[in-house]
Amino acid sequence: QVQLVESGGGSVQAGGSLRLSCAAFGYTDRIYCIGWFRQAPGKEREGVARISTDSGSTDYVDSVKGRFTISRDNAKNTLYLQMNSLKPEDTAIYYCAADLRWRGFCSTDQRNYNYWGQGTQVTVSS
């Protein structure tokens with residue numbers, strides 16, 4: 001029903017910036033929450049940032065607050081993640097994912113996100 005395609009990953013030195021994009025296709029008007037998740041080598045996947053398409057409210061994991069900004073362009077059906085002041089510990093595969101169920105808030109439970117992109121690699125060197 002929904003297809004997600006990430007882009008914008010790459011390699012950067014610590015302190016640098018990258019902007020990730022996630023293009024959504026299909027029943028995009030049914031997306032309630034959409035967000036970014038990441039998985040570092042040897043670690044579990046974690047939520048990074050989420051945005052409600054209903055209210056526009058956002059939330060972030062503590063480790064990226066003040067450095068990352070999630071935003072969306074409804075006209076282009078595209079989600080963004082602006083990442084500044086990157087650190088080596090930000091190295092991971094970044095995924096965007098969508099939750100189509102209205103919950104009144106954006107869930108932090110990954111199991112509620114039924115549509116996932118293929119991921120894009122971000123590598124930050126020290």
Side-chain angles (χ1 to χ4, degrees):
Q1 291 184 332
V2 173
Q3 297 81 42
L4 303 172
V5 180
E6 302 98 334
S7 61
S11 297
V12 65
Q13 290 189 328
S17 298
L18 284 173
R19 188 177 81 156
L20 305 183
S21 299
C22 173
F25 304 92
Y27 294 107
T28 58
D29 58 332
R30 298 183 183 180
I31 295 174
Y32 177 65
C33 284
I34 189 165
W36 291 96
F37 298 77
R38 67 185 180 186
Q39 187 165 22
K43 295 187 177 181
E44 293 186 353
R45 189 167 59 191
E46 67 170 347
V48 176
R50 289 163 292 275
I51 186 167
S52 166
T53 61
D54 183 7
S55 65
S57 62
T58 60
D59 69 280
Y60 300 85
V61 67
D62 286 346
S63 60
V64 307
K65 286 180 179 177
R67 300 188 298 123
F68 291 11
T69 302
I70 188 171
S71 63
R72 70 189 197 277
D73 184 330
N74 290 335
K76 296 181 179 180
N77 288 321
T78 301
L79 177 75
Y80 301 101
L81 185 68
Q82 178 66 44
M83 305 185 294
N84 298 327
S85 302
L86 283 160
K87 303 176 181 180
E89 50 264 43
D90 294 318
T91 295
I93 299 174
Y94 283 71
Y95 302 89
C96 68
D99 181 0
L100 274 59
R101 177 173 292 184
W102 186 89
R103 304 178 190 276
F105 60 93
C106 278
S107 172
T108 57
D109 188 340
Q110 298 180 31
R111 295 171 295 180
N112 289 328
Y113 291 78
N114 294 322
Y115 298 92
W116 292 79
Q118 82 287 353
T120 185
Q121 177 71 47
V122 172
T123 303
V124 184
S125 59
S126 57

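Please read all numbers here as calculations on a predicted model, not as lab measurements.
Looking at heavy atoms from C-beta onward, W36 lies in side-chain contact with L79 at the 4.5 angstrom threshold. Residues T53 and R72 are in side-chain contact: their nearest non-hydrogen atoms beyond the backbone lie under 4.5 Å apart.
Shortest non-hydrogen contact noted between Y115 and L4 is O-CD1, 3.3 Å. Residues L81 and A49 come closest through the heavy atom pair CD1-CB, 4.3 Å. The two residues Y27 and V2 come nearest to each other via the heavy atoms O-CG2, 3.6 Å.
With sequence neighbours left out, S71 forms a side chain to side chain contact (heavy atoms under 4.5 Å, CB included) with Y80. Scored by the salt bridge (Lys or Arg N to Asp or Glu O under 4.0 Å) test, D59 finds R50 as partners (sequence neighbours excluded). With sequence neighbours excluded, the residues that form a salt bridge (Lys or Arg N to Asp or Glu O under 4.0 Å) with R103 are D99. S57 pairs by the side chain to side chain contact (heavy atoms under 4.5 Å, CB included) definition with S52, S55, not counting sequence neighbours. Shown here are the side-chain hydrogen bond (donor to acceptor under 3.5 Å, both in side chains) partners of E46, two or more places apart in sequence or in another chain: R38. For the side-chain hydrogen bond (donor to acceptor under 3.5 Å, both in side chains) test, no residue two or more places apart in sequence or in another chain qualifies with D29. A search for side chain to side chain contact (heavy atoms under 4.5 Å, CB included) contacts involving S7 returns S21, not counting sequence neighbours. Listed by chain and residue number, K65 satisfy the side chain to side chain contact (heavy atoms under 4.5 Å, CB included) test with D62 (two or more places apart in sequence, or in another chain). Qualifying salt bridge (Lys or Arg N to Asp or Glu O under 4.0 Å) partners for R67, counting only residues two or more places apart in sequence or in other chains: D90.
Y94 and E6 are not linked by any side-chain donor-acceptor pair at a separation below 3.5 angstrom, with hydrogens and angles left out of the test.
In this structure, the separation between CZ on R30 and CD on Q1 is 5.5 Å, given to the nearest 0.5 Å. Separating the OG atom in S63 from the NZ atom in K87 is a distance of 8.0 Å, to the nearest 0.5 Å. In this structure, SG on C96 lies 13.0 Å from CD1 on I51, to the nearest 0.5 angstrom. Here the straight-line distance linking atom CG of L100 with atom CD1 of I34 works out to 9.5 Å at 0.5 Å rounding.
Here the side chain of T123 pairs no donor or acceptor atom with the backbone of T91 at under 3.5 angstrom.
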Side-chain donor-acceptor contacts of residues 12-19 below 3.5 Å, not counting sequence neighbours, with atom names and distances?
unit_1: S17; atom_1: OG; unit_2: N84; atom_2: OD1; d: 2.9

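Under the 4.5 angstrom side-chain criterion for Ile, Leu, Val, Met, Phe, Trp and Tyr, the cluster partners of I93 are F37, Y95, Y113, W116. Y32 belongs to a hydrophobic cluster whose other members, connected by ILVMFWY side-chain contacts under 4.5 Å either directly or through intermediates, are W102.
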